[in-house]
Protein chains: 2
Amino acid sequence: MRLFHARGYDAVGVAELGAELGIKPPSFYAAFGSKAGLFERALQRYIQGEANIFARALADGGDVATVIDRTLALAARLYPRRDGVAGCLVLDATRNSADPDACALTAAAKRASREALRAFIATERPAKAGALADFLTIAMAGMSAAARDGADEAALTAFAETAGRAFRREMEAD
Amino acid sequence: MRLFHARGYDAVGVAELGAELGIKPPSFYAAFGSKAGLFERALQRYIQGEANIFARALADGGDVATVIDRTLALAARLYPRRDGVAGCLVLDATRNSADPDACALTAAAKRASREALRAFIATERPAKAGALADFLTIAMAGMSAAARDGADEAALTAFAETAGRAFRREMEAD
DNA sequence: GTGTTTTTGTAGTGATCGCTATATAAACAG
DNA sequence: CTGTTTATATAGCGATCACTACAAAAACAC
(Lines give C-alpha, C1' and ligand atoms only; values in the text may rest on other atoms or scores of the structure.)
Protein backbone atom coordinates (compact mmCIF):
# COMPACT_ATOMS: atom_id res chain seq x y z
CA MET A 1 0.00 0.00 0.00
CA ARG A 2 2.78 2.38 0.92
CA LEU A 3 4.75 1.70 -2.27
CA PHE A 4 1.73 2.04 -4.52
CA HIS A 5 0.74 5.23 -2.74
CA ALA A 6 4.19 6.78 -2.91
CA ARG A 7 5.10 6.07 -6.51
CA GLY A 8 1.95 4.94 -8.31
CA TYR A 9 0.88 1.57 -9.62
CA ASP A 10 3.05 1.28 -12.72
CA ALA A 11 6.24 2.65 -11.20
CA VAL A 12 6.56 -0.06 -8.56
CA GLY A 13 7.51 -3.54 -9.72
CA VAL A 14 6.54 -6.97 -8.51
CA ALA A 15 10.14 -7.67 -7.50
CA GLU A 16 10.16 -4.68 -5.19
CA LEU A 17 6.77 -5.53 -3.75
CA GLY A 18 7.97 -9.07 -3.07
CA ALA A 19 11.12 -7.78 -1.41
CA GLU A 20 9.04 -5.48 0.81
CA LEU A 21 6.77 -8.37 1.76
CA GLY A 22 9.72 -10.71 2.25
CA ILE A 23 8.51 -13.19 -0.35
CA LYS A 24 9.71 -14.36 -3.75
CA PRO A 25 7.73 -14.13 -7.00
CA PRO A 26 6.11 -17.62 -6.84
CA SER A 27 4.80 -16.97 -3.34
CA PHE A 28 3.66 -13.55 -4.42
CA TYR A 29 1.55 -14.99 -7.22
CA ALA A 30 0.28 -17.82 -5.06
CA ALA A 31 -0.91 -15.27 -2.51
CA PHE A 32 -2.28 -12.48 -4.70
CA GLY A 33 -2.71 -13.92 -8.18
CA SER A 34 -1.27 -10.87 -9.86
CA LYS A 35 0.15 -7.44 -9.27
CA ALA A 36 -3.35 -6.04 -9.70
CA GLY A 37 -4.58 -8.54 -7.11
CA LEU A 38 -2.27 -7.11 -4.48
CA PHE A 39 -3.23 -3.61 -5.54
CA GLU A 40 -6.89 -4.46 -5.06
CA ARG A 41 -6.21 -5.59 -1.50
CA ALA A 42 -4.13 -2.50 -0.83
CA LEU A 43 -6.99 -0.34 -2.13
CA GLN A 44 -9.50 -2.11 0.10
CA ARG A 45 -7.27 -1.71 3.12
CA TYR A 46 -6.88 1.97 2.30
CA ILE A 47 -10.60 2.56 1.83
CA GLN A 48 -11.57 0.69 4.98
CA GLY A 49 -8.96 2.45 7.09
CA GLU A 50 -8.47 5.95 8.39
CA ALA A 51 -7.73 7.22 4.89
CA ASN A 52 -11.47 7.19 4.15
CA ILE A 53 -11.85 10.77 5.25
CA PHE A 54 -15.52 11.10 4.35
CA ALA A 55 -16.43 8.06 6.48
CA ARG A 56 -14.47 9.56 9.37
CA ALA A 57 -16.09 12.97 8.97
CA LEU A 58 -19.52 11.34 8.73
CA ALA A 59 -18.98 9.33 11.90
CA ASP A 60 -18.68 12.51 13.96
CA GLY A 61 -22.19 13.59 12.98
CA GLY A 62 -23.60 17.01 12.13
CA ASP A 63 -25.42 18.51 9.18
CA VAL A 64 -24.22 18.25 5.60
CA ALA A 65 -22.19 21.46 5.54
CA THR A 66 -20.48 20.55 8.81
CA VAL A 67 -19.53 17.07 7.65
CA ILE A 68 -18.24 18.43 4.35
CA ASP A 69 -16.14 21.05 6.11
CA ARG A 70 -14.71 18.29 8.26
CA THR A 71 -14.01 16.12 5.24
CA LEU A 72 -12.13 18.87 3.46
CA ALA A 73 -10.18 19.72 6.61
CA LEU A 74 -9.20 16.07 7.02
CA ALA A 75 -8.00 15.94 3.43
CA ALA A 76 -5.88 19.02 4.01
CA ARG A 77 -4.34 17.39 7.07
CA LEU A 78 -3.87 13.95 5.52
CA TYR A 79 -2.71 14.73 1.98
CA PRO A 80 0.62 16.57 2.44
CA ARG A 81 3.70 14.41 1.88
CA ARG A 82 4.84 12.33 4.83
CA ASP A 83 7.46 9.63 4.41
CA GLY A 84 7.33 10.02 0.67
CA VAL A 85 3.58 9.50 0.51
CA ALA A 86 1.24 12.30 -0.56
CA GLY A 87 -2.31 12.73 -1.74
CA CYS A 88 -4.96 10.05 -2.03
CA LEU A 89 -4.16 6.50 -3.12
CA VAL A 90 -7.53 6.08 -4.82
CA LEU A 91 -7.36 9.36 -6.69
CA ASP A 92 -3.75 9.27 -7.85
CA ALA A 93 -2.22 5.79 -7.74
CA THR A 94 -3.28 4.88 -11.29
CA ARG A 95 -2.78 8.27 -12.94
CA ASN A 96 -1.15 7.64 -16.31
CA SER A 97 -1.19 3.93 -15.62
CA ALA A 98 -1.20 1.66 -18.65
CA ASP A 99 -2.83 -1.20 -16.74
CA PRO A 100 -6.59 -1.35 -17.42
CA ASP A 101 -7.27 -3.66 -14.46
CA ALA A 102 -5.66 -1.31 -11.96
CA CYS A 103 -7.40 1.67 -13.53
CA ALA A 104 -10.76 -0.07 -13.31
CA LEU A 105 -10.22 -0.68 -9.60
CA THR A 106 -9.56 2.98 -8.79
CA ALA A 107 -12.32 4.11 -11.13
CA ALA A 108 -14.80 1.95 -9.24
CA ALA A 109 -13.58 3.31 -5.92
CA LYS A 110 -13.92 6.86 -7.21
CA ARG A 111 -17.47 6.20 -8.36
CA ALA A 112 -18.33 4.72 -4.97
CA SER A 113 -16.81 7.69 -3.18
CA ARG A 114 -18.68 10.18 -5.33
CA GLU A 115 -21.94 8.28 -4.83
CA ALA A 116 -21.48 8.22 -1.04
CA LEU A 117 -21.02 11.98 -1.09
CA ARG A 118 -24.01 12.48 -3.38
CA ALA A 119 -26.32 10.30 -1.31
CA PHE A 120 -25.37 12.10 1.90
CA ILE A 121 -25.83 15.54 0.40
CA ALA A 122 -29.17 14.41 -1.02
CA THR A 123 -30.52 14.04 2.51
CA GLU A 124 -30.66 17.84 2.65
CA ARG A 125 -30.52 19.01 -0.97
CA PRO A 126 -31.72 16.23 -3.25
CA ALA A 127 -32.15 18.53 -6.26
CA LYS A 128 -28.54 19.63 -6.39
CA ALA A 129 -26.79 16.74 -4.71
CA GLY A 130 -25.15 15.60 -7.96
CA ALA A 131 -23.70 19.00 -8.78
CA LEU A 132 -22.48 19.49 -5.21
CA ALA A 133 -20.87 16.06 -5.19
CA ASP A 134 -19.12 16.90 -8.45
CA PHE A 135 -17.81 20.10 -6.92
CA LEU A 136 -16.35 18.22 -3.97
CA THR A 137 -14.94 15.48 -6.17
CA ILE A 138 -13.06 18.01 -8.29
CA ALA A 139 -11.91 19.95 -5.22
CA MET A 140 -10.50 16.86 -3.53
CA ALA A 141 -8.83 15.76 -6.76
CA GLY A 142 -7.13 19.15 -6.78
CA MET A 143 -5.99 18.85 -3.18
CA SER A 144 -4.56 15.39 -3.79
CA ALA A 145 -2.79 16.42 -6.98
CA ALA A 146 -1.43 19.59 -5.38
CA ALA A 147 -0.19 17.61 -2.39
CA ARG A 148 1.65 15.29 -4.75
CA ASP A 149 3.22 18.38 -6.29
CA GLY A 150 4.47 19.46 -2.86
CA ALA A 151 1.69 21.64 -1.47
CA ASP A 152 1.90 21.90 2.32
CA GLU A 153 -0.84 21.63 4.90
CA ALA A 154 -1.25 25.40 5.19
CA ALA A 155 -2.02 25.83 1.50
CA LEU A 156 -4.35 22.84 1.46
CA THR A 157 -6.14 24.02 4.60
CA ALA A 158 -6.67 27.47 3.12
CA PHE A 159 -8.11 25.86 0.01
CA ALA A 160 -10.28 23.52 2.08
CA GLU A 161 -11.77 26.43 4.02
CA THR A 162 -12.48 28.43 0.90
CA ALA A 163 -13.96 25.39 -0.80
CA GLY A 164 -16.07 24.66 2.27
CA ARG A 165 -17.48 28.18 2.28
CA ALA A 166 -18.19 27.94 -1.44
CA PHE A 167 -19.93 24.60 -0.91
CA ARG A 168 -22.13 26.06 1.82
CA ARG A 169 -23.11 29.01 -0.34
CA GLU A 170 -23.90 26.85 -3.36
CA MET A 171 -25.92 24.60 -1.12
CA GLU A 172 -27.92 27.41 0.41
CA ALA A 173 -28.44 29.35 -2.82
CA ASP A 174 -31.95 29.63 -4.35
CA MET B 1 2.93 16.30 -27.59
CA ARG B 2 -0.31 14.47 -28.24
CA LEU B 3 1.07 11.12 -27.10
CA PHE B 4 2.63 12.54 -23.93
CA HIS B 5 -0.59 14.40 -23.20
CA ALA B 6 -2.83 11.40 -23.74
CA ARG B 7 -0.94 8.75 -21.85
CA GLY B 8 1.70 10.47 -19.72
CA TYR B 9 5.46 10.61 -20.05
CA ASP B 10 6.41 7.13 -18.84
CA ALA B 11 3.67 5.24 -20.65
CA VAL B 12 4.74 6.27 -24.13
CA GLY B 13 7.93 4.75 -25.50
CA VAL B 14 10.63 6.12 -27.73
CA ALA B 15 9.76 3.56 -30.40
CA GLU B 16 6.20 4.84 -30.58
CA LEU B 17 7.30 8.45 -30.60
CA GLY B 18 9.67 7.68 -33.45
CA ALA B 19 6.95 5.90 -35.38
CA GLU B 20 4.63 8.90 -34.92
CA LEU B 21 7.35 11.26 -36.15
CA GLY B 22 8.29 8.96 -39.01
CA ILE B 23 11.87 8.57 -37.85
CA LYS B 24 13.98 5.72 -36.49
CA PRO B 25 15.77 5.70 -33.12
CA PRO B 26 19.15 7.07 -34.33
CA SER B 27 17.49 10.03 -36.00
CA PHE B 28 15.36 10.53 -32.91
CA TYR B 29 18.41 10.82 -30.68
CA ALA B 30 20.27 12.96 -33.19
CA ALA B 31 17.33 15.38 -33.22
CA PHE B 32 16.28 15.48 -29.58
CA GLY B 33 19.14 13.97 -27.57
CA SER B 34 16.83 11.96 -25.37
CA LYS B 35 13.21 11.16 -24.64
CA ALA B 36 13.22 13.97 -22.09
CA GLY B 37 14.61 16.29 -24.76
CA LEU B 38 11.58 15.74 -26.97
CA PHE B 39 9.31 16.10 -23.96
CA GLU B 40 10.90 19.45 -23.17
CA ARG B 41 10.14 20.69 -26.69
CA ALA B 42 6.60 19.34 -26.48
CA LEU B 43 6.13 21.18 -23.18
CA GLN B 44 7.43 24.42 -24.66
CA ARG B 45 5.13 24.09 -27.66
CA TYR B 46 2.23 23.43 -25.31
CA ILE B 47 2.99 26.38 -23.06
CA GLN B 48 3.52 28.79 -25.94
CA GLY B 49 0.36 27.69 -27.72
CA GLU B 50 -3.32 28.03 -27.10
CA ALA B 51 -3.16 25.62 -24.17
CA ASN B 52 -1.73 28.44 -22.03
CA ILE B 53 -5.16 29.44 -20.85
CA PHE B 54 -4.00 32.13 -18.42
CA ALA B 55 -2.07 33.91 -21.17
CA ARG B 56 -5.13 33.76 -23.39
CA ALA B 57 -7.43 35.04 -20.64
CA LEU B 58 -4.95 37.80 -19.82
CA ALA B 59 -4.74 38.92 -23.43
CA ASP B 60 -8.43 39.80 -23.47
CA GLY B 61 -7.94 42.33 -20.68
CA GLY B 62 -10.10 43.20 -17.69
CA ASP B 63 -9.60 43.29 -13.95
CA VAL B 64 -8.19 40.39 -11.94
CA ALA B 65 -11.50 38.72 -11.12
CA THR B 66 -12.61 38.92 -14.74
CA VAL B 67 -9.38 37.41 -16.08
CA ILE B 68 -9.51 34.63 -13.48
CA ASP B 69 -13.11 33.82 -14.34
CA ARG B 70 -12.09 33.62 -17.97
CA THR B 71 -9.10 31.41 -17.15
CA LEU B 72 -11.27 28.95 -15.21
CA ALA B 73 -13.89 28.93 -17.95
CA LEU B 74 -11.22 28.22 -20.56
CA ALA B 75 -9.91 25.32 -18.48
CA ALA B 76 -13.41 23.90 -18.23
CA ARG B 77 -13.76 24.11 -22.00
CA LEU B 78 -10.28 22.82 -22.85
CA TYR B 79 -9.77 20.03 -20.31
CA PRO B 80 -12.48 17.46 -21.12
CA ARG B 81 -11.30 14.48 -23.15
CA ARG B 82 -11.11 14.97 -26.90
CA ASP B 83 -9.38 12.43 -29.13
CA GLY B 84 -8.07 10.62 -26.07
CA VAL B 85 -6.47 13.75 -24.62
CA ALA B 86 -7.72 15.28 -21.37
CA GLY B 87 -6.56 17.72 -18.74
CA CYS B 88 -3.38 19.75 -18.77
CA LEU B 89 -0.11 18.42 -20.15
CA VAL B 90 1.95 20.41 -17.66
CA LEU B 91 -0.11 19.39 -14.65
CA ASP B 92 -0.57 15.70 -15.39
CA ALA B 93 1.92 14.35 -17.92
CA THR B 94 4.53 13.40 -15.31
CA ARG B 95 2.18 12.21 -12.54
CA ASN B 96 3.70 9.06 -11.09
CA SER B 97 6.60 9.34 -13.49
CA ALA B 98 9.85 7.71 -12.41
CA ASP B 99 11.95 10.03 -14.60
CA PRO B 100 13.46 12.87 -12.56
CA ASP B 101 14.36 14.91 -15.64
CA ALA B 102 10.81 14.91 -16.98
CA CYS B 103 9.43 15.67 -13.52
CA ALA B 104 11.80 18.62 -13.14
CA LEU B 105 10.56 20.05 -16.44
CA THR B 106 6.90 20.01 -15.44
CA ALA B 107 7.72 21.20 -11.92
CA ALA B 108 9.46 24.24 -13.37
CA ALA B 109 6.52 24.94 -15.65
CA LYS B 110 4.12 24.66 -12.73
CA ARG B 111 6.21 27.09 -10.69
CA ALA B 112 6.27 29.54 -13.60
CA SER B 113 2.52 29.23 -14.04
CA ARG B 114 1.82 29.81 -10.37
CA GLU B 115 4.17 32.79 -10.32
CA ALA B 116 2.48 34.35 -13.35
CA LEU B 117 -0.86 34.04 -11.58
CA ARG B 118 0.55 35.42 -8.34
CA ALA B 119 2.19 38.41 -10.00
CA PHE B 120 -1.00 39.30 -11.86
CA ILE B 121 -3.17 39.02 -8.76
CA ALA B 122 -0.64 41.11 -6.86
CA THR B 123 -1.45 44.07 -9.09
CA GLU B 124 -4.72 44.38 -7.19
CA ARG B 125 -4.22 42.41 -3.98
CA PRO B 126 -0.50 42.20 -3.18
CA ALA B 127 -1.06 41.07 0.40
CA LYS B 128 -3.00 37.94 -0.47
CA ALA B 129 -1.72 37.23 -3.96
CA GLY B 130 0.17 34.14 -2.84
CA ALA B 131 -2.81 32.56 -1.11
CA LEU B 132 -5.11 33.37 -4.01
CA ALA B 133 -2.64 31.91 -6.51
CA ASP B 134 -2.45 28.76 -4.40
CA PHE B 135 -6.23 28.51 -4.45
CA LEU B 136 -6.31 28.72 -8.24
CA THR B 137 -3.41 26.31 -8.62
CA ILE B 138 -5.21 23.68 -6.56
CA ALA B 139 -8.53 24.33 -8.31
CA MET B 140 -7.00 23.90 -11.77
CA ALA B 141 -5.14 20.78 -10.67
CA GLY B 142 -8.53 19.41 -9.63
CA MET B 143 -10.13 20.28 -12.95
CA SER B 144 -7.33 18.65 -14.89
CA ALA B 145 -7.34 15.51 -12.76
CA ALA B 146 -11.14 15.25 -12.89
CA ALA B 147 -11.08 15.69 -16.66
CA ARG B 148 -8.60 12.83 -16.90
CA ASP B 149 -11.04 10.78 -14.84
CA GLY B 150 -13.77 11.50 -17.37
CA ALA B 151 -15.45 14.67 -16.07
CA ASP B 152 -17.37 16.45 -18.83
CA GLU B 153 -17.46 20.12 -19.73
CA ALA B 154 -20.70 20.71 -17.82
CA ALA B 155 -19.27 19.49 -14.53
CA LEU B 156 -16.03 21.38 -15.04
CA THR B 157 -17.87 24.56 -15.99
CA ALA B 158 -20.04 24.36 -12.89
CA PHE B 159 -16.92 23.93 -10.78
CA ALA B 160 -15.19 26.80 -12.58
CA GLU B 161 -18.08 29.15 -11.91
CA THR B 162 -18.25 28.20 -8.24
CA ALA B 163 -14.48 28.53 -7.91
CA GLY B 164 -14.57 31.88 -9.67
CA ARG B 165 -17.20 33.18 -7.25
CA ALA B 166 -15.18 31.87 -4.31
CA PHE B 167 -12.06 33.56 -5.68
CA ARG B 168 -13.85 36.88 -6.01
CA ARG B 169 -15.17 36.69 -2.46
CA GLU B 170 -11.81 35.74 -1.00
CA MET B 171 -10.26 38.57 -2.94
CA GLU B 172 -12.76 41.16 -1.78
CA ALA B 173 -12.90 39.98 1.85
CA ASP B 174 -11.48 42.20 4.63
C1' DG C 1 32.68 11.68 -61.32
C1' DT C 2 35.26 11.37 -56.91
C1' DG C 3 36.02 11.81 -52.07
C1' DT C 4 34.06 13.32 -47.81
C1' DT C 5 30.56 14.24 -44.57
C1' DT C 6 26.06 13.70 -42.79
C1' DT C 7 22.07 11.05 -42.14
C1' DT C 8 19.70 6.94 -41.81
C1' DG C 9 18.27 1.82 -41.19
C1' DT C 10 19.41 -2.53 -39.16
C1' DA C 11 20.30 -4.75 -35.39
C1' DG C 12 21.24 -5.25 -30.80
C1' DT C 13 23.06 -3.38 -25.99
C1' DG C 14 21.99 -4.54 -20.96
C1' DA C 15 18.18 -3.87 -17.95
C1' DT C 16 13.65 -4.46 -16.29
C1' DC C 17 8.82 -5.68 -16.90
C1' DG C 18 4.93 -9.15 -15.15
C1' DC C 19 4.82 -13.78 -14.71
C1' DT C 20 5.92 -18.98 -14.54
C1' DA C 21 8.10 -23.88 -15.26
C1' DT C 22 10.73 -26.79 -12.69
C1' DA C 23 12.90 -28.62 -8.88
C1' DT C 24 13.97 -28.61 -4.08
C1' DA C 25 12.65 -27.97 0.74
C1' DA C 26 9.25 -27.92 4.30
C1' DA C 27 5.01 -29.53 6.39
C1' DC C 28 1.95 -33.01 7.36
C1' DA C 29 -0.84 -37.65 7.41
C1' DG C 30 -0.52 -42.41 8.36
C1' DC D 1 9.91 -43.36 9.18
C1' DT D 2 7.37 -43.28 4.71
C1' DG D 3 4.50 -41.14 1.31
C1' DT D 4 2.03 -37.26 -0.08
C1' DT D 5 1.07 -32.56 -0.32
C1' DT D 6 2.12 -27.75 0.10
C1' DA D 7 5.16 -23.96 -0.32
C1' DT D 8 9.36 -22.04 -1.61
C1' DA D 9 13.69 -20.88 -4.32
C1' DT D 10 16.23 -20.79 -8.62
C1' DA D 11 16.15 -19.65 -12.97
C1' DG D 12 14.29 -17.95 -16.96
C1' DC D 13 10.10 -17.00 -20.09
C1' DG D 14 9.00 -13.40 -23.94
C1' DA D 15 8.36 -8.60 -24.18
C1' DT D 16 9.61 -3.95 -23.73
C1' DC D 17 12.44 -0.20 -21.89
C1' DA D 18 15.81 3.92 -23.31
C1' DC D 19 19.56 4.04 -26.01
C1' DT D 20 23.62 2.99 -29.46
C1' DA D 21 27.34 0.58 -32.46
C1' DC D 22 27.91 -0.10 -37.03
C1' DA D 23 27.36 0.07 -41.77
C1' DA D 24 24.84 1.31 -45.88
C1' DA D 25 22.86 5.15 -48.21
C1' DA D 26 22.17 9.90 -49.20
C1' DA D 27 23.86 14.53 -49.68
C1' DC D 28 27.45 17.55 -50.53
C1' DA D 29 31.96 19.86 -52.11
C1' DC D 30 35.00 20.24 -55.76
Side-chain angles (χ1 to χ4, degrees), chain A residues 1-46 84-85 89-109 148, chain B residues 1-46 84-85 89-109 148:
Chain A
M1 188 173 89
R2 183 170 48 81
L3 286 172
F4 283 138
H5 197 167
R7 303 216 302 274
Y9 181 80
D10 286 21
V12 50
V14 169
E16 191 176 1
L17 291 167
E20 187 78 7
L21 296 167
I23 60 176
K24 305 284 180 175
S27 303
F28 180 93
Y29 284 92
F32 307 112
S34 68
K35 182 186 176 184
L38 172 59
F39 181 62
E40 181 172 14
R41 297 201 25 190
L43 261 186
Q44 288 170 357
R45 188 185 198 93
Y46 184 83
V85 174
L89 176 71
V90 173
L91 292 174
D92 279 324
T94 59
R95 288 244 179 262
N96 291 327
S97 170
D99 188 307
D101 293 335
C103 290
L105 290 169
T106 53
R148 294 209 143 217
Chain B
M1 187 171 90
R2 183 169 49 80
L3 286 172
F4 282 137
H5 197 166
R7 303 215 304 273
Y9 181 81
D10 286 20
V12 49
V14 169
E16 191 176 359
L17 291 168
E20 187 77 9
L21 296 168
I23 59 177
K24 307 283 180 175
S27 302
F28 179 93
Y29 283 93
F32 306 112
S34 69
K35 182 185 176 184
L38 172 59
F39 181 63
E40 180 172 14
R41 297 200 29 185
L43 261 187
Q44 288 172 356
R45 188 186 197 94
Y46 185 82
V85 175
L89 175 71
V90 173
L91 292 175
D92 280 324
T94 59
R95 288 242 179 262
N96 292 327
S97 169
D99 187 307
D101 292 336
C103 289
L105 289 169
T106 52
R148 293 209 142 216

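In this text, all values refer to a predicted model and were calculated from it rather than measured experimentally. In what follows, every chain begins at residue 1, and chains take the letters A, B, ... in the order their sequences are listed.
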Determine whether [X] and [Y] make a side-chain contact, defined as any pair of heavy atoms from C-beta on separated by less than 4.5 Å.
X	Y	result
A/Thr106	A/Tyr9	no
A/Val14	A/Tyr29	yes
A/Thr94	A/Asp99	no

For side chain to side chain contact (heavy atoms under 4.5 Å, CB included), just list the numbers for A/Asn96 and B/Arg148, CA-CA rounded to whole Å, side-chain angles, deciding distance to a tenth of an Å, and then say yes or no. CA-CA 9 Å; A/Asn96 291 327; B/Arg148 293 209 142 216; 2.6 Å; yes
On DNA chain D, reading 5' to 3', which nucleotide is the first and which the last to sit with an atom under 4.0 Å from a heavy atom of chain A, could you check? D/dT8 to D/dT10
Listed partners of A/Phe32 passing ring pair (Phe, Tyr, Trp, His ring centres under 6.0 Å), at least two apart: A/Phe28
Here's one to test your reading of the geometry: is the NZ or CZ of A/Lys35 within 45 degrees of the ring axis of A/Phe4 and under 6.0 Å from its centre? no
Between A/Gly84 and A/Ala6, which heavy-atom pair has the shortest distance, and what is it? O-CB, 3.4 Å
Determine, for nucleotides 11-26 of chain C in 5'-to-3' order, which nucleotides have protein heavy atoms under 4.0 Å from the base (write B), from only the sugar-phosphate (write S), or from neither (write -). -------SBBB-----
